[in-house]
Student: 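Supplied in structure tokens, the structure appears directly below.
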Amino acid sequence: MNRLTVTKALTANDVGETGSHQAGIAVPKQQELLEFFPALDAAVKNPDAWIFCQDPDGRVWKLRFIYYNNKLHDPDGTRNEYRLTHLTLFLKQNKAQVGDIVRFTTTEEPNRYLIALEHASEAKKQERVDPDVIRLRGWRRVH
DNA sequence: AGCCATGCACCG
DNA sequence: CGGTGCATGGCT
């Protein structure tokens with residue numbers, strides 16, 4: 001089983017710097033990401049799945065992967081996007097800042113991932129060393 | 001304060 | 001006009 005990694009540059013909203021009390025980070029609707037994360041049934045309104053992410057310190061974070069799709073179900077719906085919530089504590093403990101990178105890597109087991117936070121400076125270094133990353137508007141898929 | 005669910009703004 | 005960042009009302 002090939003191991004996949006995707007990364008996301010954090011926005012101000014993601015780290016709670018904007019004063020918004022909204023939770024979670026947006027997950028762009030990219031085919032690679034939908035395959036990377038658990039499949040959610042679009043026929044269901046707002047389906048979700050729980051994933052378990054182990055950080056470099058061995059702590060496991062239970063994150064909620066949710067598909068807000070009321071646009072497909074309600075006449076006045078406006079949402080059609082994926083989100084990842086329950087990240088606040090993780091970001092706080094890692095002192096996440098705008099521009100920092102969250103990295104997810106698959107494991108052998110479904111719904112289990114590795115999670116790591118890279119600060120912006122390291123991320124730039126990584127970019128030079130990794131010329132064959134696939135750019136996905138904020139998110140990248142590595143390999 | 002943080003999560004849920006949704007609306008709005010902006011930009012390509 | 002679709003997609004994503006920013007924001008908000010309600011609830012816990």
Side-chain angles (χ1 to χ4, degrees), chain A residues 2-107 109-128 130-143:
Chain A
N2 48 344
R3 187 166 282 221
L4 293 177
T5 296
V6 294
T7 63
K8 203 235 184 214
L10 292 174
T11 67
N13 201 43
D14 292 335
V15 296
E17 233 182 51
T18 59
S20 160
H21 59 274
Q22 172 230 4
I25 67 176
V27 179
K29 255 193 353 284
Q30 302 288 332
Q31 194 58 43
E32 288 88 346
L33 295 176
L34 304 190
E35 294 166 4
F36 181 86
F37 289 114
L40 296 177
D41 188 359
V44 178
K45 182 184 170 180
N46 294 355
D48 67 336
W50 292 95
I51 63 175
F52 298 87
C53 299
Q54 187 174 34
D55 69 15
D57 295 333
R59 284 173 301 195
V60 175
W61 302 86
K62 184 182 175 188
L63 306 181
R64 186 176 183 229
F65 181 56
I66 179 166
Y67 182 23
Y68 283 114
N69 62 353
N70 68 348
K71 191 174 190 175
L72 311 178
H73 295 270
D74 298 338
D76 299 327
T78 61
R79 285 281 126 205
N80 181 21
E81 73 178 24
Y82 293 82
R83 297 256 292 268
L84 215 45
T85 60
H86 295 260
L87 267 172
T88 313
L89 240 172
F90 171 79
L91 296 178
K92 232 172 220 178
Q93 295 193 356
N94 287 278
K95 298 181 172 58
Q97 297 172 336
V98 178
D100 287 352
I101 304 294
V102 193
R103 169 179 292 249
F104 294 95
T105 303
T106 55
T107 68
E109 297 183 49
N111 292 15
R112 299 196 75 95
Y113 303 85
L114 302 179
I115 186 174
L117 187 106
E118 302 169 0
H119 289 282
S121 48
E122 313 170 19
K124 260 182 213 151
K125 228 186 291 172
Q126 182 82 28
E127 185 120 3
R128 284 200 299 271
D130 253 335
D132 64 334
V133 291
I134 303 172
R135 283 205 150 277
L136 300 168
R137 298 185 260 254
W139 287 77
R140 297 176 305 173
R141 178 182 145 190
V142 184
H143 301 147

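Just so you know, these numbers use all the heavy atoms, side chains as well, and skip hydrogens, waters and symmetry mates. Residue numbering restarts at 1 for every chain, and letters A, B, ... go by the order of the sequence lines.
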Student: Contact class for A:Ile66 (heavy atom, under 4.0 Å): base, sugar-phosphate, or nothing?
Tutor: sugar-phosphate
Student: When the distance from NE2 of A:His86 to C1' of B:dA5 is rounded to whole Å, what number comes out?
Tutor: 13 Å
Student: Expressed in angstrom and rounded to an integer, what is the separation of A:Gln22 atom CD from C:dG10 atom P?
Tutor: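 In whole Å, C:dG10 P and A:Gln22 CD are 17 Å from each other.
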Student: Can you tell me how far P of C:dA7 sits from CD1 of A:Ile25, to the nearest Å?
Tutor: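 My rounded result for the distance is 17 Å.
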Student: Of A:Arg83 and A:Lys71, whose closest DNA chain C nucleotide lies nearer the 5' terminus?
Tutor: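 Looking at DNA chain C, the more 5' nearest nucleotide goes with A:Lys71.
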Student: How would you label the contact of A:Thr11 with the nucleic acid (heavy atoms, under 4.0 Å): base, sugar-phosphate, or nothing?
Tutor: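 Sugar-phosphate, no base atom in range.
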Student: Distance check needed: B:dA5 C1' versus A:Tyr68 OH, whole Å only.
Tutor: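 Taking OH of A:Tyr68 and C1' of B:dA5, I get 5 Å after rounding.
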Student: Mind checking whether A:Phe104 and A:Phe36 have parallel, tilted or perpendicular rings, split at 30° and 60°?
Tutor: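 Rings of A:Phe104 and A:Phe36: perpendicular, over 60°.
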Student: Verify, without hydrogens or angle tests, whether A:Asn69 (side chain) and A:Leu72 (backbone) share a donor-acceptor contact under 3.5 angstrom.
Tutor: no
Student: Between B:dG7, B:dG2, C:dG3, which one does the side chain of A:Thr78 approach most closely?
Tutor: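 The answer is B:dG7, which lies nearest to the side chain.
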Student: Verify the contact: side-chain N or O of A:Thr85 to OP1 or OP2 of B:dC4, cut-off strictly under 4.0 Å; return yes or no.
Tutor: yes
Student: Of all the choices, B:dC3, C:dG5, C:dC6, which nucleotide is nearest to the side chain of A:Lys8 once you look at every atom?
Tutor: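 Looking only at side-chain atoms, A:Lys8 lies closest to C:dG5.
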Student: Send over the distance from A:Arg64 CZ to B:dC4 P, rounded to a whole Å.
Tutor: 5 Å
Student: Are A:Thr88 and B:dC3 close enough that a side-chain N or O sits under 4.0 Å from OP1 or OP2?
Tutor: yes
Student: Would you classify A:Ser20 as touching base, sugar-phosphate or nothing, given that sugar-phosphate means primed atoms plus P, OP1 and OP2, and contacts are heavy atoms under 4.0 Å?
Tutor: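 Result for A:Ser20 = base.
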Student: Can you name the residues that form a side-chain hydrogen bond (donor to acceptor under 3.5 Å, both in side chains) with A:Asn46, not counting sequence neighbours?
Tutor: none
Student: Within the 4.0 Å heavy-atom criterion, would you say A:Asn69 contacts the bases, only the backbone, or no part of the nucleic acid?
Tutor: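 Since no nucleic acid heavy atom lies under 4.0 Å of A:Asn69, the category is nothing.
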Student: Quick one: pull up NZ in A:Lys92 and CG in A:Leu87 and give me the separation to the nearest 0.5 Å.
Tutor: 13.0 Å
Student: Return the value, rounded to whole Å, for the distance between atom CD of A:Gln30 and atom P of C:dT4.
Tutor: 6 Å
Student: Under the side chain to side chain contact (heavy atoms under 4.5 Å, CB included) test against A:Ile115, which residue among A:Leu63, A:Thr105, A:Asn94 passes?
Tutor: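 Passing option: A:Leu63.
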Student: Start at the 5' end of DNA chain B and walk down; is the nucleotide closest to A:Ala23 or to A:Asn46 reached first?
Tutor: A:Ala23
Student: Could you give the CG-to-P distance, from A:Asn13 to B:dG7, as a whole number of Å?
Tutor: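 Going from CG in A:Asn13 over to P in B:dG7 covers 17 Å.
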Student: Would you say whether A:His21 stacks on C:dT8? The test is a distance between ring centres of less than 5.5 Å and an angle between planes of less than 30°.
Tutor: yes
Student: CG of A:Asp74 versus P of B:dT6: gap in Å, rounded?
Tutor: 6 Å
Student: If the cut-off is 4.0 Å, is A:Lys45 near the phosphate of B:dT6, judged by side-chain N/O to OP1 or OP2?
Tutor: yes
